[in-house]
Amino acid sequence: MKSYNLLVTGVGGQGTVVASDILAAVGLAAGYDVKKSDVLGLAVRGGAVVSHVRWAETVHSPIVPEGKVDILLAFEILEGQRWLDWVHPEGTILINDQRIYPVVVSSGVSFYPHDEEVNRSLLRAAPNVYKVPGLEIAQALGNSRVHNVVLLGAMSHLTGIEPQIWESVIRQRVPAKALELNVKAFWQGRDALVASRLAGITGAGVTA
Amino acid sequence: MKVMLTGNEAIARGAYEYGVKVAMGYPGTPSSEILENVARYKEIYSEWSINEKVAMDGVMGAAYAGKRAMFTTKQVGMNVASDSFLYGVYTGANAGVLIVTADDPGMFSSQNEQDNRHYARLAKMPMLEPADSQEAKNFVGVALDMSEQFDEPVILRTVMRVSHSSSPVELGEPKRAGDEDAGRMKRDPHKFVATAGWARQRRPMIEERITRLAEFGETFPYNRIEWGDRSLGIITSGVVYEYAREVFPTASFLKLGMVWPIPPRLVRQFAAGVARVIVIEELDPFLEEQVRLLGITAEGKSIFPAYGELLPATIERCAVQAGLLPPGSVSKKRNLTPADLAPRSPILCPGCPHRSTFYSLNKLKYIVAGDIGCYNLGALEPFNATDTMGAMGASVGVAHGFHAAGMEQDAVAVIGDGTFFHSGMAPLLNMVHNNGKGTIVILDNRTTAMTGHQDHPGVSQTLDGLEGGRADIADLCLAMGVKDVRTVDAFDMKAVERNLKEAVAYDGLSVIVMDGPCVFVELERKAPFEVDADLCNGCTLCFRLGCPAIVRTENLDATTGRPKADIDPVLCVSCDMCRQICPRKAIYMPTDAMVKA
């Protein structure tokens, strides 16, 4: 089985830790040895959060080696930018198309990069980039809070693990009354992946 | 059946499986989740004590009464508890005592980076250090058994990386039956009363016990040699073992599960079997010094740094510099992240009651003796309103020191409600008794917020969900003899500023209780506020509140040329602070506008 170094980043409150818990459980269910590590910081208070998840035959360090991230799952654009150095030159970036302005930006002390700059830097970092409208899809389903499961759905398409394993882990971990909503969110996210691929600047086409 | 557990969850599970009956501690990152998870087991009495010393005494008391007991804390909390675990070494107990310290290499959420392995040597208490969650759970049982075998508390030391990382753990069933009986003390005053005459008689045993512990370590299954390539022998422990395994996959390893005392014969056997011995450990050369004391040539801090987390990338880089790895080993850093990327620093939540105090303190430019809690963010932009901070409860004592030195500048102490109960009451009473003068601001947001909204004696619900007694802070201060005690609505900007000025001007001791609940405790959401762009002239006064909901727009005022403000309706919780300070009355709650129209 191919081993994976995964990095999940976002803003405190977006559900990145729950997502990384699910990723860890998916790996375990698929037969991997798994370790994960959360750096919570002052996350509730709008700080940045990052979770490392590693799937391999045997995992020692719970931290992904810098420059060896196979899939960067970024819940927010600025937090995606923050970890580009860590992505493997042949890795994949899956980014949620959402901006949450830090106070230094909203108060005018600093700035938020524009879309073209963001896309350029993403494509420089990795050959495979997907920009998923996770929040939009969740809102269309009726609850913005399931956007983390939408993104997990999209991510499921990138690994060799069958979607049924993902679905069964999600079923075990979400509140009972939101079960069907979350399952729907997962499958819609999975369907959304291919269309969300970011084409290269050279005009390389989208491959289905 | 294996499940993913964090190190903290695993320790809590261990408490359940290995018969802990009483668990006490004080919140502190990265340890807080241990007790929160222990509290889910109804078989175990769990409490957030008022401070670590009280918790440690409680744990000793439970163990004197014949019940296995556990104390949890972060690294600096050991300092507060130390007076009480140091006697445990002399007295022993009638059941196992486990002390869990969760250290913070890298200082992710602490005021220092102290290496608590030194406590084992100071206290002459054995210490275990797990490398992952399975070991964390197993070591709870091992530590309690050792505690009963050697008749002294045992320390389990974890670090943030183990406490907050998850790895697979095999769950087990509780191992001890018959613990439902009432506690009972086997009386032994010559042992449990550490009066000089009796305690002195215990001294030779305490020294001799160290030798027995080292002997125990020789065959301790969690101290193990892993022979590999004999050219390099690495002595290590805890999560650093895992990092080193990644960086040196073929080397020989001596992995120590018990970091004090270390087993001399095993270490010598390992050293004799390899060409070069290096010690890889985070922070202090604690293992290195013990190894070298055995007369073994070992390198450690000459290669690896003594501060910060010792992550694999750092180990790799230092190893290449020391010639332990070929030069090509370190992957080149990809420089892709923009250098000027906006930081996302922590900030007070929208609606935080502390905001008004720091807005005013910034304006009034008083010297501020600060303390530990969410309000420590008052030191950062845009408030820049904290001058000193070092330990829990220090603010009040430091303010008293200002007075004793006759400091001429106006000053206040700022302390939270939880911190006040923890260690702020004693210094306040000290000021009363010693005729201290000053202004003590107690921020009462009705919770211990920063560490996860734990309870304290100012609120009534306890960790196990029961109604407990509560103390009123203003009443306490009056009872102590403070004459000038004011209670102020934290959301009334004018009242906050006026009371600060009056209290500082008052030639005596004042206490101001800033009363306002944390948004996580109580929040009445009204309609988000709005800015009337016609009235706003870009004066930017509202930005000095540092509220994440107040946004700078691209819309410049025609006269001033400065950017007008706007309010993010998703973040705004209508706390009313910005509306009060806007000199142009440009901020309003939508219903007001409807009345205007």
Side-chain angles (χ1 to χ4, degrees), chain A residues 11-12 20-21 24-25 27-28 33-49 52-53 58-68 76 78-79 81-89 100-113 117 121-122 124-126, chain B residues 2-4 6 29-30 108-109 132-133 160-162 164-168 239 241-247 249 311-313 316 331-338 340-349 352 374 377 381-382 449-450 452 520 540 543 546-552 563 568 571:
Chain A
V11 179
S20 61
D21 281 341
L28 206 64
D33 182 25
V34 178
K35 280 193 181 167
K36 72 163 273 215
S37 187
D38 300 317
V39 182
L40 303 174
L42 299 173
V44 178
R45 287 149 198 92
V49 265
H52 301 238
V53 182
T58 306
V59 181
H60 281 291
S61 167
I63 313 220
V64 172
E66 198 175 321
K68 302 263 194 333
E76 195 270 345
L78 194 67
E79 296 316 311
Q81 295 288 97
R82 209 177 300 285
W83 294 90
L84 295 179
D85 289 350
W86 284 58
V87 180
H88 192 286
I100 300 178
Y101 296 97
V103 176
V104 292
V105 170
S106 54
S107 62
V109 172
S110 186
F111 64 93
Y112 206 105
E117 209 185 302
S121 61
L122 290 171
R124 243 201 317 264
Chain B
K2 287 205 183 206
V3 294
M4 296 293 289
T6 63
T29 311
F108 284 86
S109 42
D132 59 30
S133 300
M160 184 281 287
R161 199 57 72 180
V162 173
H164 286 169
S165 289
S166 301
S167 56
V239 71
Y241 161 80
E242 304 289 358
Y243 302 157
R245 272 311 227 124
E246 288 233 353
V247 178
L311 295 180
E316 211 169 50
S331 26
K332 260 214 334 231
K333 191 172 162 70
R334 307 186 73 196
N335 278 316
L336 298 165
T337 297
D340 52 0
L341 196 70
R344 198 179 295 270
S345 336
I347 187 102
L348 296 177
C349 304
C352 174
C374 283
L377 296 175
E381 294 277 0
M450 186 59 115
F520 284 89
T540 71
F543 292 114
C547 177
I550 300 177
V551 212
R552 185 175 296 227
D568 184 336
L571 292 176

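Quick note: numbers below take in every heavy atom, side chains included, and nothing from hydrogens, waters or symmetry partners. Proteins come first, then strands; the chains are lettered A, B, ... in the order of their sequence lines, and each starts at number 1.
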Subject >> Best-contacting candidate, Arg552(B), Arg344(B), Glu381(B), Glu242(B), against chain A by heavy atom pairs under 4.5 angstrom >> reply: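 Ranked by heavy-atom pairs under 4.5 Å with chain A, first place is Arg344(B).
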Original post:
So which of Asp340(B), Asp568(B), Thr6(B), Thr540(B) has the biggest tally of heavy-atom pairs under 4.5 Å with chain A?
Top reply: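 Ranked by heavy-atom pairs under 4.5 Å with chain A, first place is Asp340(B).
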Close side-chain approach of [X] and [Y], heavy atoms under 4.5 Å:
{"X": "Leu78(A)", "Y": "Tyr112(A)", "value": "yes"}
{"X": "Val49(A)", "Y": "Asp38(A)", "value": "no"}
{"X": "His164(B)", "Y": "Thr29(B)", "value": "yes"}
{"X": "Arg161(B)", "Y": "Ser37(A)", "value": "yes"}
{"X": "Ile550(B)", "Y": "Ser106(A)", "value": "no"}
{"X": "Cys349(B)", "Y": "Phe520(B)", "value": "yes"}
{"X": "Met4(B)", "Y": "Asp21(A)", "value": "no"}

Structural part of [X] lying under 4.5 Å from a heavy atom of chain A:
{"X": "Leu311(B)", "result": "side chain"}
{"X": "Pro343(B)", "result": "both"}
{"X": "Pro338(B)", "result": "side chain"}
{"X": "Pro168(B)", "result": "both"}

Original post:
Side chain of Glu79(A), backbone of Val11(A): donor and acceptor closer than 3.5 Å?
Top reply: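 Checked: no pair found.
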Original post:
Short question: side chain of Ser165(B), backbone of Val162(B) - any donor-acceptor pair under 3.5 Å?
Top reply: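 No; judged by distance alone, with no hydrogens or angles, the pair does not exist.
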Do you know which of [options] has the most heavy-atom pairs under 4.5 Å to chain B?
{"options": "Ile100(A), Asp85(A), Leu84(A)", "result": "Asp85(A)"}
{"options": "Arg82(A), Glu66(A), Arg124(A)", "result": "Arg82(A)"}
{"options": "Pro102(A), Ser61(A), Pro65(A)", "result": "Ser61(A)"}

Which bit of [X] comes within less than 4.5 Å of chain B, counting heavy atoms only: side chain, backbone, both or neither?
{"X": "Val53(A)", "answer": "neither"}
{"X": "Val104(A)", "answer": "side chain"}
{"X": "Ser110(A)", "answer": "side chain"}
{"X": "Phe111(A)", "answer": "both"}
{"X": "Ile63(A)", "answer": "side chain"}
{"X": "Trp86(A)", "answer": "neither"}

Subject >> Residue pair Gln81(A) / Ser121(A), side-chain donor-acceptor N/O under 3.5 Å >> reply: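 Side chains of Gln81(A) and Ser121(A): pair found under 3.5 Å.
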